[in-house]
Amino acid sequence: MSNALLAGLNPEQLAAVTLPKQSALILAGAGSGKTRVLTTRIAWLLQTGQVSPQGILAVTFTNKSAKEMLTRLSAMLPINTRGMWIGTFHGLCNRLLRAHHREAALPEAFQILDSADQLALIKRVLKALNIDDEKYPPKQLQHFINGNKENGLRANQVQAYDDFNRKLIELYAAYEQQCQREGAVDFAELLLRCYELLSRNEMLREHYQARFQHILVDEFQDTNKLQYDWLRLLAGHNNAVFAVGDDDQSIYAFRGARVGNMYDFERDYQVKNLIRLEQNYRSQGNILDAANALIGNNQGRLGKNLWTAEGAGEPLKVYEAFADLDEAQFIVDEVKQLQREGIHLNDIAVLYRSNAQSRVIEHALFSAGLPYKVYGGLRFFERQEIKHALAYLRLMANSDDDGALLRVINFPTRGIGARTIESIQSNARLSHCSLWQATCSGGGRSGAALANFVSLIERLRSETAEMTLPDTMEHMLDHSGLRAYYQAEKEGEDRLENLNELTNAAVNYLAEAEDRSLTGFLAHASLEAGDHQAEAGQAALQLMTVHAAKGLEFHTVFVSGLEEGLFPHENSAMDPSGLEEERRLMYVAITRARRKLYLTLSQSRMLHGQTRYNIASRFFNELPQGLLQWINKATPAAPKAPPAPAWSKPKASETGLRIGQSVLHPKFGAGVIIDCEGRGADARVQVNFGPEGVKWLMLEYAKLTPA
DNA sequence: AATTGTTCGATTTTT
DNA sequence: TCGAACAATT
């Protein structure tokens, strides 16, 4: 094979890249070179002249991977990537809807609501309808609406099975109406509106079907029903869908992702051969063996077995601490040692199941003076001051945007109080118009203040009409009073800094984007909320949830909090599919490590202000014991004896057992004592048996043995 | 209009 | 436990 593109591919990768035009399912294990296959496939199709750039549609879930694909592609081929449609589902739908906003019944400058904007709009709708938000929590309604949209269902298509449900449907409809009135589109709506546009408009559908000969999809296991149907629609009868994914890494079911789409795909697209990429270029053997063994406990997988040409490497190190503080201290000590061995801090990650676990670890790291970085905070475009600035721009672009108006009508304060705003809202409701229109015609006591606000916005709009985006930004910041506000603010330094950064963002946007309009920038701000906090700066230990770690890799990984109830999480461990997803999550965690993997747990842990005693995660039983090296066998008795007040419960210590003690029961297996009562013949203990539940046992009868 | 108090809730979150 | 979110103060 003389083709330079194909050099260095393994046989399976090569087969995938050079498949003839047909739909294919590529089962790509962790670290198997999936992105490389995807990009090389595109490059190969183009280079061999099988398709022109216009014929390519490549879909990803994140902007990050879309960008990476483009970067790699332009490194492989000297082509301009303009003609190709490479982007996220949402980005591509946005592009389509912008191009055909008329047919989609949307205003030209329709705004995109992010999750927070959506929630705020839902709250407004509830308030307007006088709905008790105790009975109908906005969050729940949001979940309901998004869930239905992701299943392709409009309010009038949802089955009502009880009164509560009927009300939710009614509210869904009211929300939709309000969105339409404001020219606002939420994330799920982008997809659904686009889907409906294509399915109803035969001309458009046929146009795009004829165009996109090759459709490539990344992270296919994360697609929801609507995305699956959207792809089907674009694929039509003639186009080839190249779906790449890993059913074992599906960890977003709670957001509507359906692993089952991978199995359906085989059937619906008559996939002839499923290609497995099982050679792993990331981790050493023991890590992969552990991952393979663990995931083998799941049912109904497509099935695959990761292997490596490298050696087995080190065993997995397991550390069982007495308390969460000790667990954190162990991590600190170990990280310091690793640092001495020359491992870069950036290349070490501490993973946990839930964010709450980070605090203890952060505290220990801070005390030890180890720099660390926690992923998952607010992102750039989600910050308060940025939202305010964007709201001015949104109002300039589309005055029907009630959400934007409410955000800035009295910020910075300009004497328009809550009463005035309420009266505007009720006027708008009565005359079925936007808040902006109601504000324009609003007289009364605050009439002058309102007129000032209206003319401020109108001035901003007309004065910036001919300006470039960055100039518009500066003009708005200076004349809206936003900049002055944060200059006067005591703690406004960072926020001012961010506002300046916003102008930079506009400059950068112009350099890259195709749609250079203000509306284009606003869409960009909603769709790409920015990096999670990219202060690259100095080397720092990486702290994040297992979810956030998907797609990343590190030399050394600590997976912490491996206890029943935490990981697998108690809310998921009940039903089998929930447990399988937890197991996949664990699989993702394990496969992040290249060389060293630590698994840590603690016998006791402070959670929601209470000390909890958990038993070891069942996942330990699913790993080959030969791969595990237990660094210690925790000797709990370290009497942290809390000074017992006179009224305290009888001490189980009379019986040789204490709270926190691990025990074995002939029927229920391993457990931890979490409470005790009575003494002598009446002595009872409460034991947490993890998956077997929590039970009260009479000491006299239960044959408990210390574990 | 900004400060202080009170309540409630608490997996995971690519867009 | 602790923080966000809302209400009730001054």
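Small disclaimer: the values here were computed from a predicted structure and weren't measured. Here is how names work: the chains are called A, B, and so on, in the same order as the sequence lines, proteins then strands, and each is numbered from 1.
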His388(A) and Phe411(A): aromatic ring centres closer than 6.0 Å?
yes

Does Asn63(A) place a side-chain N or O at less than 4.0 Å from the phosphate oxygens OP1/OP2 of dT14(B)?
no

Taking the minimum atom-to-atom distance to the side chain of Ser354(A), which one of dT13(B), dT11(B), dT15(B) wins?
dT11(B)

Mind calculating the distance between CZ (Phe61(A)) and P (dT14(B)) to the nearest angstrom?
13 Å

Can you tell me if Arg605(A) uses its side chain to pair, donor with acceptor, with the backbone of Gln610(A) under 3.5 Å?
no

Starting at NZ of Lys149(A) and ending at P of dT15(B), how long is that distance when rounded to a whole Å?
19 Å

Tell me if a side-chain donor or acceptor on Gln178(A) pairs with a main-chain N or O of Tyr175(A) at a distance below 3.5 Å.
no

Closest nucleotide among dT12(B), dT14(B), dT15(B) to the Asn355(A) side chain
dT12(B)

Atom pair distance, as rounded to whole Å: CG in Asp222(A) and C1' in dT12(B)
13 Å

Does the aromatic ring of His569(A) sit over the six-membered base ring of dT11(B), closer than 5.5 Å centre to centre and tilted less than 30°?
yes

Would you mind telling me which of dT11(B), dT13(B), dT14(B) lies closest to the side-chain atoms of Ser572(A)?
dT11(B)

Gln357(A) CD - dA10(B) C1' separation (whole Å):
13 Å

Would you mind building the protein contact string for nucleotides 1-10 of chain C? One character per nucleotide, 5' to 3', B for base within reach (heavy atoms under 4.0 Å), S for sugar-phosphate only, - for untouched.
BSS--S----

So with a 6.0 Å cut-off around CD of Glu489(A), is the heavy-atom count from everything else above 12?
yes

Is there a salt bridge (Lys or Arg N to Asp or Glu O under 4.0 Å) between Lys34(A) and Asp246(A)? Walk through the geometry before answering.
CA-CA 10 Å; Lys34(A) 147 195 101 146; Asp246(A) 182 356; over 6 Å; no

Sugar-phosphate, base or nothing in reach of Ser115(A), heavy atoms under 4.0 Å
base

Report the residues that fulfil side-chain hydrogen bond (donor to acceptor under 3.5 Å, both in side chains) with Tyr208(A), sequence neighbours left out, ordered by chain and then residue number.
His100(A)

Would you kindly give the CD-to-P distance between Gln140(A) and dG9(B), to the nearest whole Å?
13 Å

Phe265(A) vs Phe220(A) aromatic rings, parallel, tilted or perpendicular, using cut-offs 30° and 60°?
perpendicular

Heavy-atom nearest pair, Phe453(A) first then Thr439(A), reads CD2-CG2, 4.5 Å

Would you mind reading off the distance between Leu92(A) atom CG and dT15(B) atom C1', rounded to a whole angstrom?
12 Å

Length of the CD-C1' vector between Glu189(A) and dT15(B), whole Å
14 Å

Relative to the 5' end of DNA chain B, which residue comes earlier, Tyr252(A) or Thr413(A), by the nucleotide with the nearest heavy atom?
Thr413(A)

Could you say whether Ala188(A) or Glu570(A) is positioned toward the 5' end of DNA chain B, judged by the nucleotide with the nearest heavy atom to each?
Glu570(A)

Taken to the nearest whole Å, CG/Asp133(A) to P/dG9(B) is 12 Å

Picking from dT14(B), dT15(B), dT12(B), the nucleotide nearest the side-chain atoms of Arg353(A) would be dT12(B)

Determine the Euclidean distance between corresponding P atoms of dT12(B) and dA5(C); express it in Å to zero decimal places.
15 Å

Looking across every strand, which nucleic acid part, if any, lies under 4.0 Å from Glu134(A) by heavy atom: base, sugar-phosphate, or nothing?
nothing

Counting the atoms with a prime plus P, OP1 and OP2 as sugar-phosphate, which does Phe89(A) contact under 4.0 Å by heavy atoms, base, sugar-phosphate, or nothing?
nothing

